[in-house]
**Q** 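Just dropping this structure here.
What you see is a predicted model; the values in this text were computed from it and never measured.
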Amino acid sequence: MALPHARATFPDVPHQEHPQWSNWGGNQTATPTYGARPRTESEVLAVTRFAIKEGLPVRVVGAGHSFTPLVQTGGILMDLSEISGVTGADTTTGRVRALGGTPISAFGEPLWNAGLSLSNQGDIDKQTIAGATATATHGSGIGLGSFSSSVRGARILNGHGEIVEISESDVDELQAAKVSLGTLGIVLEVELQAIARYHLEEEITYPTWAETSETWDRDIKNNRHYSFLWCQGEESAGLYELPTPDGLSMVNRSYTKKYNAVELNENTDLSSVEGARRDRAYRIYAGGFGLPFHELEYYVPIEQGMEAVERLQELIRNDHPDQKYPIEVRFVKAEDGFLSPFQGRDTTVLSVSGAPGTNYWPYLRDVDALLQDYDARAHWGKIHFLTRDRIAALYPDFEKFRTVRAEFDPNGVFLNDHTRSLLA
């Protein structure tokens with residue numbers, strides 16, 4: 001009779017057994033067998049090879065800003081926050097290298113000192129660069145792609161326990177690695193294309209919906225960054241902690257954000273006035289949300305954006321008047337990653353949220369059903385209802401991605417139930 005397998009000793013790497021993990025929004029939890037926090041690349045390698053030998057799946061956790069079960073595992077949950085830092089910035093080429101656990105907030109100062117900036121950022125800068133690129137996290141601006149669009153190379157620890165260097169000459173591998181949901185392996189380091197450093201000037205306004213729709217095309221075209229949050233109720237703005245003028249009703253108004261590049265003298269021209277700030281780009285981008293929420297974010301072709309927003313407004317008014325979170329609307333340039341939700345089309349982004357602890361599922365399901373009329377794709381890190389069949393229909397290069405994924409991780413070391421159901 002075969003004897004039961006005796007598990008080998010865990011590597012000499014900081015870890016816990018059966019830790020409790022939850023994400024920022026509080027809607028995802030996990031209790032892995034081990035939670036590991038390696039301090040060096042060699043320790044990441046040791047933990048991964050231990051997992052392969054012992055038959056334990058591995059998932060990597062970043063800042064925990066995803067609302068989907070991307071990192072849940074009963075195996076090893078690996079925290080790469082110690083594998084962090086900008087490792088190179090070439091002023092001539094604009095190429096920047098950074099370790100996978102580097103938070104977005106850590107890029108600003110070293111890049112600025114090298115004469116560079118990230119071309120765009122989102123509302124939150126706490127995510128790690130590996131997590132942000134794995135899910136095509138983005139900001140707003142129809143001339144600007146997501147974080148993933150700037151990826152030009154990566155070093156990945158694959159399911160064979162080998163480190164693979166991907167460059168621009170590895171065409172399919174790079175397009176798969178740009179947005180991978182962490183299923184190719186562990187991203188140890190990425191290379192990004194940055195641009196010359198720049199300052200931004202902010203303009204916050206509060207137009208009615210009639211005014212927003214009238215200037216829709218001009219605002220998208222004429223601003224480096226343009227986005228808005230349409231408010232359906234008096235309490236809507238407060239749910240996202242949006243500052244609004246005293247006495248102004250925000251019902252059927254848009255909290256509108258415009259940012260444009262300007263030349264500034266840092267000794268005389270900077271401003272911290274709310275709604276009219278002027279500063280280095282990375283300082284203007286920095287912000288985020290304090291109050292937790294649970295978000296769904298879908299993407300429709302730019303040409304159908306306004307129609308989709310107005311139908312979503314009617315859905316809220318007629319069928320879900322109890323839902324008070326604003327509709328956030330942004331814009332993203334087309335790009336080419338196999339699993340990028342912006343692949344091949346300029347995109348209007350529509351985000352809605354539900355209050356933690358409430359039954360928002362009927363509302364989100366109705367949003368999903370409505371936006372299927374527009375071949376909507378979804379943010380990989382936010383609540384969605386995509387299935388493998390729907391993904392295959394929406395992504396022309398889905399099978400190319402699956403082929404690369406199978407080559408990198410044929411035994412599914414880096415899969416969990418969620419990613420396996422979608423991609424394996």
**Q** Do the rings of Y34 and F10 sit parallel, tilted or perpendicular, given the 30° and 60° boundaries?
**A**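 It falls in the tilted class, 30° to 60°.
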**Q** Taking the six-membered ring for Trp, are F398 and F338 ring centroids under 6.0 Å apart?
**A**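 That pair fails the under 6.0 Å test.
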**Q** Taking only residues two or more places apart in sequence, or in another chain, which ones meet E168 in a side chain to side chain donor-acceptor pair (under 3.5 Å)?
**A**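 Partners of E168 under the side chain to side chain donor-acceptor pair (under 3.5 Å) test: R95.
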**Q** Do the non-hydrogen side-chain atoms of V367 and L296 ever get within less than 4.5 Å of each other?
**A**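 They are in contact (side-chain heavy atoms under 4.5 Å apart), so the answer is yes.
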**Q** So does S254 get a backbone contact from the side chain of T212, meaning a donor-acceptor N/O pair under 3.5 Å?
**A**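 It does not hold such a pair.
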**Q** Looking at D409 and V413, would you say the former's side chain and the latter's main chain have a donor-acceptor pair under 3.5 Å?
**A**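 Confirmed, D409 side chain pairs with V413 backbone.
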**Q** Could you walk me through whether E41 and R155 pass salt bridge (charged side-chain N to carboxylate O under 4.0 Å, His left out), step by step?
**A** CA-CA 11 Å; E41 185 176 290; R155 293 178 65 248; 2.8 Å; yes
**Q** Sub-3.5 Å donor-acceptor pair from the side chain of D346 to the main-chain atoms of A334, do we have one?
**A**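 Flag set: sc D346 to bb A334 pair under 3.5 Å.
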**Q** Would you please indicate yes or no on a ring centroid separation below 6.0 angstrom for W380 and F67?
**A**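 When the ring centroids of F67 and W380 are compared, they turn out to be at least 6.0 Å apart.
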**Q** So that I know where these two stand, are H379 and Y298 an aromatic pair - ring centroids less than 6.0 Å apart?
**A**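 H379 vs Y298: aromatic centres not under 6.0 Å.
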**Q** Is the shortest distance from a Lys or Arg side-chain nitrogen in E314 or R311 to a carboxylate oxygen in the other one below 4.0 Å?
**A**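 No.
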**Q** Decide whether S169 and S167 meet the rule of one side-chain donor and one side-chain acceptor closer than 3.5 Å.
**A**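 A pair is found: one side chain offers a donor N or O, the other an acceptor, under 3.5 Å apart.
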**Q** For the residue pair R345 and Y299, would you count it as a cation-pi contact if the rule is NZ or CZ under 6.0 angstrom from the ring centre and within 45 degrees of the ring axis?
**A**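 No; the conditions do not both hold, so R345 does not lie above the ring face of Y299.
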**Q** Does R278 come within less than 4.0 Å of E263, counting only side-chain N to carboxylate O?
**A**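 Salt bridge between R278 and E263, a charged N being under 4.0 Å from a carboxylate O: no.
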**Q** Could you walk me through whether D219 and T256 pass the side chain to side chain contact (heavy atoms under 4.5 Å, CB included) test, one step at a time?
**A** CA-CA 10 Å; D219 286 332; T256 298; 5.6 Å; no
**Q** Taking only Lys NZ, Arg NE, NH1 and NH2, and the carboxylate oxygens of Asp or Glu, determine whether R37 and E43 approach each other closer than 4.0 Å.
**A**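 So R37 does not pair with E43 through a salt bridge.
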**Q** Is it the case that the side chain of D170 and the backbone of I166 share a donor-acceptor pair, with hydrogens and angles ignored and the cut-off at 3.5 Å?
**A**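 Side chain of D170 to backbone of I166: no pair is present.
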**Q** Please confirm whether the backbone N or O of R218 pairs with a side-chain atom of T215, one donor and one acceptor, at under 3.5 Å?
**A**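 Not confirmed, T215 side chain does not pair with R218 backbone.
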**Q** Using a 6.0 Å cut-off, check whether atom CG of D12 has over 12 heavy atoms from anything other than its own residue.
**A**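 Result for CG/D12: open.
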**Q** Do F107 and Y282 have ring centres separated by under 6.0 Å?
**A**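 No; Y282 has its ring centre 6.0 Å or more from that of F107.
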**Q** Flag the pair S180 / R405 as yes when at least one side-chain heavy-atom distance between them is below 4.5 Å, and no otherwise.
**A**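 The answer is no; the side chains never approach within 4.5 Å.
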**Q** Is it the case that R377 places NZ or CZ above or below the six-membered ring of Y395, under 6.0 angstrom from the centre and within 45 degrees of the axis?
**A**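 Pair R377/Y395 counts as cation-pi.
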**Q** Under 6.0 Å between ring centres, would you say that holds for W112 and H199?
**A**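 Close enough - the centres of the two rings lie under 6.0 Å apart.
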**Q** Is it true that E202 and K257 make a salt bridge, defined as a side-chain N closer than 4.0 Å to a carboxylate O?
**A**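 No, this pair does not count.
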**Q** Looking at Y255, F228, W230, Y325, which hits ring-ring contact (aromatic ring centres under 6.0 Å, His included) with Y240?
**A**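 Filter result, single survivor: Y325.
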**Q** What residues form a salt bridge (Lys or Arg N to Asp or Glu O under 4.0 Å) with E203, not counting sequence neighbours?
**A**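 Residues passing salt bridge (Lys or Arg N to Asp or Glu O under 4.0 Å) with E203: none at all.
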**Q** Is any side-chain heavy atom of L312 closer than 4.5 Å to one of L350?
**A**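 Yes, side chains in contact.
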**Q** Taking D397 first and then R402, would you say they form a salt bridge - that is, a charged N and a carboxylate O separated by under 4.0 Å?
**A**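 R402 and D397: not salt-bridged.
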**Q** Would you say the ring centers of W216 and Y226 fall short of 6.0 Å from each other?
**A**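 Judged by ring-centre distance (under 6.0 Å), W216 and Y226 do not meet the cut-off.
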**Q** Going by an N to O cut-off under 4.0 Å, is there a salt bridge joining E189 and R97?
**A**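 Salt bridge between E189 and R97, a charged N being under 4.0 Å from a carboxylate O: yes.
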**Q** Salt bridge check, K382 against E295: does any charged N sit closer than 4.0 Å to a carboxylate O?
**A**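 K382 and E295: salt-bridged.
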**Q** Minimum heavy-atom separation for G75 to P32, with atom names?
**A**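 The pair with the smallest heavy-atom distance is O-CB, 3.5 Å.
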**Q** Does a salt bridge link D368 with R365, judged by any charged N lying under 4.0 Å from a carboxylate O?
**A**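 Looking at R365 together with D368, the answer is no, because their closest N to O distance does not fall below 4.0 Å.
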**Q** Which of these passes side chain to side chain contact (heavy atoms under 4.5 Å, CB included) with H138: V349, T347, L144?
**A**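 Per the side chain to side chain contact (heavy atoms under 4.5 Å, CB included) rule, the option paired with H138 is V349, out of V349, T347, L144.
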**Q** Should the pair E328-R330 be classified as a salt bridge under the 4.0 Å nitrogen-to-oxygen rule?
**A**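 Yes, E328 and R330 are salt-bridged.
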**Q** Should K178 and E173 count as an ion pair when the cut-off is N to O under 4.0 Å?
**A**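 A salt bridge is absent here (no side-chain N lies under 4.0 Å from a carboxylate O).
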**Q** Is the shortest side-chain heavy-atom distance between P410 and H160 below 4.5 Å?
**A**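 P410 vs H160: side chains touch.
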**Q** Is any side-chain heavy atom of E109 less than 4.5 Å from a side-chain heavy atom of R280?
**A**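 Yes; the side chains approach each other to less than 4.5 Å.
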**Q** With no hydrogens and no angle check, is any side-chain donor or acceptor of N23 less than 3.5 Å from a backbone partner on Q28?
**A**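 Judged by distance alone, yes, a pair lies under 3.5 Å.
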**Q** Is R277 reaching over with its side chain to a backbone N or O of E201, donor-acceptor style, under 3.5 angstrom?
**A**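 Here the side-chain-to-backbone pair does not exist.
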**Q** Between K221 and D217, is there a side-chain N and carboxylate O pair less than 4.0 Å apart?
**A**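 No, K221 and D217 are not salt-bridged.
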**Q** So, the side chain of T133 versus the backbone of S148: is there a donor-acceptor pair under 3.5 Å, distance only?
**A**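 No.
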**Q** Could you tell me whether Y285 and H225 have their ring centroids closer than 6.0 angstrom?
**A**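 Aromatic pair counts; centres sit under 6.0 Å.
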